[in-house]
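This report concerns only the one structure given below.
The structure presented is a predicted model; accordingly, all values stated were derived computationally and were not measured.
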Amino acid sequence: MKYHWDKKFLYWGVTGTVVLCSAILFYYALFKGADISIMWKSVIKVLMPILDGLGLAYLLSFLLNAIEKKLLYPLAVKLKCRITDKTKKMIRNIGVFLTAVIFLLLLYSLIMLIVPQLLSSIQSIISKVPTYFNQISIWLAGTLKNYPEIEKLTIDYWADIENWLTTQALPSAQKMLTQASNSLLGGVWTFLVGTWDFILGFIISIYLLAGKEKFCAQSKKVIYAFLNEDRANTFLNNLRFTNKTFGGFLTGKILDSLIIGILCYAGMEILKFPYALLVSVIVGITNVIPFFGPYLGAVPSAIIIFMVSPVKALYFLIFVLILQQFDGNVLGPKILGDSTGLSSFWVIFSITIFGGLMGILGMFIGVPLFAVIYAAFKTVVNQKLVKKGLTDETTFYMSSCGNPYINNHSDHSGASIRFSKRKVEVTQNKKTVSYERKKDETDHTDQS
C-alpha cells in the first residue's frame with residue numbers, strides 16, 4: 001500500500017523546525033553574542049581570499065570589458081581575423097593579461113610615486129610646525145591688537161597649545177614618522193604582495209575574469225533549477241539592476257575623483273599653493289564619498305595650508321569651492337548621470353546610516369547599496385498598489401485634505417482624483433448599488 005504524505009503535517013513539521021531553530025539562534029545571539037562574533041570573524045577570515053577575489057574581479061571586469069570592446073575586437077576586425085571560439089578565447093586571455101598588468105602598474109605607481117612625496121610633505125609639516133605656530137601667533141597679535149582683552153585670552157591659550165605640541169605631540173609624531181619612512185616604502189609593497197589573502201584573491205580574480213561568462217551561465221542554471229521561470233527572471237532582472245547601479249556609480253565616482261584630484265593638483269601648482277600633491281590626494285580620495293566628501297577633504301587641507309599662510313588658506317577654500325561646483329554641476333552629471341536616482345535627502349540618509357554601521361567602507365558603498373534597497377521597496381509598494389487597483393503615481397497622493405477617495409459631489413470640483421480608473425469604477429458601482437438598495441428599501445417602507 002502506497003503511503004501519501006499529508007501536506008498539513010508536513011507544513012506544521014517544517015514550521016515547528018523553523019521556530020525551534022529561530023529560538024536557538026535567538027538564545028545564542030542574546031547570551032552568546034561574543035562567541036558568535038568570534039566565530040563570524042573566523043569565518044570571514046577564512047573566506048577573505050575569496051571575497052578579495054570577487055571584489056577585484058568585479059572592479060577589474062569593467063576594465064577588461066573596455067579593453068576587449070575598444071581595443072582587441074576592433075583590432076581583430078582590422079586584421080581580418082575570423083571571430084571564432086578560438087579567437088574569442090585568445091582575445092579573452094590577452095585581455096585578462098593586459099588588465100592584470102595595468103592593475104599592478106597602477107598599484108605600483110600609486111605606492112612608489114605618491115607615498116614618498118606624502119611622507120616628505122608630512123615630515124616637512126611636522127619639522128616646520130614651530131615656525132608655523134610662530135607665524136600664526138604674529139598674525140593673531142596683529143589682527144587682535146585693537147582688542148586687548150581678546151588678544152590676552154587668545155595668546156594665553158595659544159601658548160599652552162603650542163607648548164604641548166612642541167614638547168609632547170611633535171617629538172612622538174616625528175619619531176613615528178622617522179620609523180615609518182624607513183620601512184613604509186618597501187613595507188607597503190611587500191605587505192600587499194606578501195599577504196597571502198591578497199595573492200590568493202588576485203589569482204582568484206584572474207580565473208574569474210578568464211571564465212566570467214561560464215561562471216555566470218552556471219549561476220543562471222542554479223537559479224532556474226531552484227526557482228520557477230517567472231521568479232528566476234525577476235531575480236536576474238534585479239541582479240542586473242544592482243550591477244548597473246553599483247557598477248555605474250563606483251566606476252563613475254572613481255573616474256570623477258581621479259579627474260578632480262588631477263585638476264586640484266594642476267590648479268594648486270599654478271596658484272603656488274604649498275603641499276600640492278598631499279592636498280590633491282586628500283581631495284581626490286575624499287571626493288569618492290558623496291555629499292560629505294568635498295567638506296571632509298577641504299577642512300584638513302585648509303588647516304595644513306593655514307599653518308603656512310592664512311591668506312593662501314582662504315584662497316584655497318575659494319578654489320576648492322569653485323572646483324566642487326564644477327564637479328557637482330558639470331563633471332559629475334556628465335560622468336555619473338542619474339546612476340542612483342536618489343534625492344539629496346536619501347543620499348545624506350544612506351551615508352549617515354551605512355557610515356555608522358560600516359565605517360569608511362559604508363560611506364563609499366552606502367549610496368548605491370541604499371539605491372538598490374530603495375528601488376526594491378519602491379517596486380514592492382507599487383506592485384501592492386496595482387494589485388489593489390490603485391495608482392502608483394506619488395503626485396496623486398499629495399493633497400492637503402489627505403482624502404484618498406474620489407469626491408463625486410458636484411460642489412467639490414477642485415477635488416483631485418487619487419485612484420486608478422478601475423478603482424474609480426468599482427467605487428462608483430458600489431455607491432450606485434448602495435443608493436439603489438436604499439431607494440428600494442425606502443419605497444418598500446412607504447408602500448407598507
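For Thr99 (side chain) and Leu63 (main-chain N/O), no donor-acceptor pair under 3.5 Å exists by modelled atom type. For the pair Lys312 (side chain) and Lys272 (backbone), a donor-acceptor distance under 3.5 Å is present. Checking side-chain atoms of Ser205 against main-chain N and O of Phe202 turns up a donor-acceptor pair under 3.5 Å.
In this structure, CG in Leu47 is found 10.0 Å from CG in Leu54, a value given to the nearest 0.5 Å. Taken from CZ in Phe377 to OG1 in Thr379, the straight-line distance is 10.5 Å, to the nearest 0.5 Å. The structure places CG of Leu208 at 12.0 Å from CG of Leu64, a figure rounded to the nearest 0.5 Å. From Leu296, atom CG reaches atom CD1 of Ile282 across 11.5 Å, with rounding to the nearest 0.5 Å. For the atom pair OH of Tyr315 and CD1 of Ile318, the computed distance is 7.5 Å after rounding to the nearest 0.5 Å. Summarising the geometry, atom CD1 belonging to Ile199 is positioned 11.5 Å from atom CG belonging to Asp52; distances are rounded to the nearest 0.5 Å.
Counting all heavy atoms, side chain and backbone alike, Thr286 lies closest to Gly297 at OG1-CA, 3.2 Å. Nearest heavy atoms, Leu227 versus Ala232: CB-N, 4.1 Å. When every heavy atom of Ala298 is checked against every heavy atom of Leu317, the shortest pair comes out as O-CD2, 4.3 Å. The heavy-atom pair separating Thr245 from Ala371 by the smallest distance is CG2-CB, 3.9 Å. The shortest non-hydrogen separation linking Phe215 to Gly211 is CD1-O, 2.8 Å. Here the closest heavy-atom approach between residue Ile83 and residue Ala76 is recorded as CD1-CB, 4.1 Å.
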**Request:** Using the side-chain contact (heavy atoms from CB on, under 4.5 Å) rule, take Met48 and Phe198 through it: C-alpha gap first, then chi angles, then the decisive distance, then the call.
**Result:** CA-CA 9 Å; Met48 189 55 67; Phe198 179 79; over 6 Å; no
**Prompt:** Can you list the steps and then say if Cys264 with Phe319 is a side-chain contact (heavy atoms from CB on, under 4.5 Å)?
**Reply:** CA-CA 9 Å; Cys264 182; Phe319 167 71; 4.1 Å; yes
**Request:** Take Asn93 and Phe97, measure what side-chain contact (heavy atoms from CB on, under 4.5 Å) needs, and give me the verdict at the end.
**Result:** CA-CA 6 Å; Asn93 292 334; Phe97 175 76; over 6 Å; no
**Item:** Worked verdict on Glu269 versus Tyr265 for side-chain contact (heavy atoms from CB on, under 4.5 Å)
**Value:** CA-CA 6 Å; Glu269 286 290 337; Tyr265 178 75; 3.5 Å; yes
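In this model, a donor atom of one side chain and an acceptor atom of the other lie less than 3.5 Å apart for Thr87 and Thr84. For Asn243 and Arg240, the side-chain atoms include no donor-acceptor pair closer than 3.5 Å.
Annotation for Asn329: atom CG counts as buried by contact number, over 12 foreign heavy atoms lying within 6.0 Å. Applying the 6.0 Å contact sphere to OH of Tyr224 captures more than 12 heavy atoms from other residues, nucleotides or ligands. Around CZ of Phe103, the count of heavy atoms belonging to other residues, nucleotides or ligands within 6.0 Å exceeds 12.
Contact check for Thr251 versus Leu255: no side-chain heavy atoms found under the 4.5 Å cut-off. Counting heavy atoms from C-beta outward, Leu98 and Ile94 have side chains that approach closer than 4.5 Å. Between Pro274 and Ile305 there is a side-chain heavy-atom pair separated by less than 4.5 Å. Side-chain contact between Met268 and Phe316 is present, with heavy atoms from C-beta onward closer than 4.5 Å. When side chains are defined from C-beta on, Ile102 counts as touching Ile67, because their heavy atoms get closer than 4.5 Å. Looking only at side-chain heavy atoms (C-beta outward), Asp327 and Asp256 come within less than 4.5 Å of each other. In this structure, the side chains of Ser301 and Val320 stay at 4.5 Å or more apart for every pair of heavy atoms.
Using the six-membered ring where Trp is involved, Phe62 and Tyr58 have ring planes that are perpendicular, over 60° apart on the 30 and 60° scheme. By the 30° and 60° cut-offs, the orientation of the rings of Phe370 relative to Phe354 is perpendicular.
Of the options Lys88, Arg92, Gln218, a side-chain hydrogen bond (donor to acceptor under 3.5 Å, both in side chains) to Glu213 is made by Arg92 and by none of the others.
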